[in-house]
Amino acid sequence: MKHIATVALMLSLGVAGVYAQERPVKMKFSGSMVPTSIVMQPNTITDEELLAGDGALGSFTFRKLRTDALAPEPSNACSGPSQVNIPVVAGGGVFRFQDGSLLPVGITEGALCIDFAVGTAHLAETYQILVGRTGRFKGASGALTLKATLRPVLFSASGQPVLLTSTGEFEGTVFGVARGEEGRDERR
């Protein structure tokens, strides 16, 4: 009887260890971004992004709202003569994976560096995993970083970009997803 109890305890600890493992995540994406009429804070502009991609956790879509300050701020990362740094002040999104699992995230910090000379912007954001996780992410926690390049496609009559492409990747660490449930074979 002691042996059965010992084996059962070892198995349960082993399963808990599998679920608590650190999962490095790298996921590439592409998609689009448009400004919205949503006002999340005074003196800001809110954009909606729709992204799709694939990576360590499987195929996904990502829908996000991001609120940027209207006034630029100085930054060492964005300091060229034709560059402007716009702080990201709020936002969040939801990953939806091919199996239907949802992984909500909130922005903890971010910045948009617009380079007017080349007509592109570089977006960097850090996300924290939030409550409301479903499916294989029910017990997940961790953080992800987004790095994206934005390029305008369409402009308004006043010259403001109203449709942009967004390409880039997410990287980070997710805890609480069991091995074998990542959505793709790790040998690929």
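All values below were derived from every heavy atom in this structure, side-chain atoms included, with hydrogens, water molecules and symmetry-related copies excluded. The structure presented is a predicted model; accordingly, all values stated were derived computationally and were not measured. Along the sequence shown, residues are numbered consecutively beginning with 1.
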Open item on the list: Would a single hydrophobic cluster contain both Val34 and Leu112, if residues Ile, Leu, Val, Met, Phe, Trp and Tyr are joined by side-chain heavy-atom contacts under 4.5 Å?
Closed with: no

- [ ] Enter the distance from Ser141:OG to Phe175:CZ here, rounded to the nearest 0.5 Å.
- [x] 6.0 Å

Task: Point-to-point distance, once rounded to the nearest 0.5 Å, from CE of Met33 to CG of Leu50 - done: 11.5 Å

Open item on the list: side-chain contact (heavy atoms from CB on, under 4.5 Å), that's the test. Do Arg151 and Thr149 meet it? Break it down for me.
Closed with: CA-CA 7 Å; Arg151 291 184 173 86; Thr149 300; 3.4 Å; yes

- [ ] Assess whether side-chain contact (heavy atoms from CB on, under 4.5 Å) is satisfied between Asp115 and Gln83, documenting all intermediate values.
- [x] CA-CA 4 Å; Asp115 189 336; Gln83 297 179 347; 3.3 Å; yes

TODO: Keeping to residues at least two apart or across chains, list the disulfide bond (SG atoms under 2.5 Å apart) pairs with something in residues 96-145.
DONE: Cys78-Cys113

TODO: Return each pair, listed once, that meets ring pair (Phe, Tyr, Trp, His ring centres under 6.0 Å) where at least one residue sits in residues 34-54; pairs must be two or more places apart or across chains.
DONE: none

Task: Closest non-hydrogen atom pair between Ser166 and Phe29, with its separation - done: OG-CE1, 3.6 Å

Task: Side-chain touch Leu57/Phe95, heavy atoms, less than 4.5 angstrom - done: no

TODO: Report yes or no: do Val118 and Val153 belong to one cluster of Ile/Leu/Val/Met/Phe/Trp/Tyr joined by side chain heavy-atom distances under 4.5 Å?
DONE: no

Open item on the list: Could you tell me if Gln41 and Thr67 have a donor-acceptor pair between their side chains, going purely by distance under 3.5 Å?
Closed with: no

TODO: Please check if Leu70 and Val89 belong to a single hydrophobic cluster, counting links between Ile, Leu, Val, Met, Phe, Trp and Tyr side chain heavy atoms closer than 4.5 Å.
DONE: no

TODO: For residues Ile86 and Ile45, determine if any side-chain heavy atom of one lies less than 4.5 Å from a side-chain heavy atom of the other.
DONE: no

Task: Check: Thr126 side chain, Thr108 main-chain N or O, donor-acceptor pair, under 3.5 Å - done: no

Open item on the list: Could you tell me if the side chain of Ile129 sits less than 4.5 Å from the side chain of Leu103, heavy atoms only?
Closed with: yes

Task: Test item: Thr134 side-chain N/O and Leu102 main-chain N/O as donor-acceptor pair under 3.5 Å - done: yes

Task: Summary of salt bridge (charged side-chain N to carboxylate O under 4.0 Å, His left out) pairs that have at least one residue in residues 67-85, sequence neighbours excluded - done: Arg66-Asp68

Task: Considering all heavy atoms, the nearest Val174-Val177 contact - done: CG1-CG2, 3.9 Å

- [ ] Give me the ring orientation class for Phe62 and Phe170: parallel if the planes are under 30° apart, tilted from 30 to 60°, perpendicular past 60°.
- [x] perpendicular

Open item on the list: Against Ser101, only a single residue in Arg133, Arg96, Arg136 fulfils side-chain contact (heavy atoms from CB on, under 4.5 Å); can you say which?
Closed with: Arg136

TODO: Identify the heavy atoms of Val162 and Ser156 that sit nearest to each other, and give their distance.
DONE: CG1-CB, 3.8 Å

Task: Exercise: identify the closest heavy-atom pair between Ser32 and Leu51 - done: N-CD2, 4.3 Å

Task: Leu150-Val84 co-clustered via ILVMFWY side chain contacts under 4.5 Å - done: yes

Task: Closest approach of Met27 to Phe60 (non-hydrogen atoms, all atoms of both residues) - done: CB-CE2, 3.6 Å

TODO: Any chance you could measure Leu65, atom CG, to Ile38, atom CD1, to the nearest 0.5 Å?
DONE: 5.0 Å

- [ ] Measure across Leu123 and Lys64 and return the closest heavy-atom pair with its distance rounded to 0.1 Å.
- [x] CD2-NZ, 3.8 Å

Open item on the list: Donor-acceptor pair, distance only, cut-off 3.5 Å: does the side chain of Glu125 make one with the backbone of Lys147?
Closed with: no

Task: From Ser59 atom OG to Asp99 atom CG, the distance as rounded to the nearest 0.5 Å - done: 10.5 Å

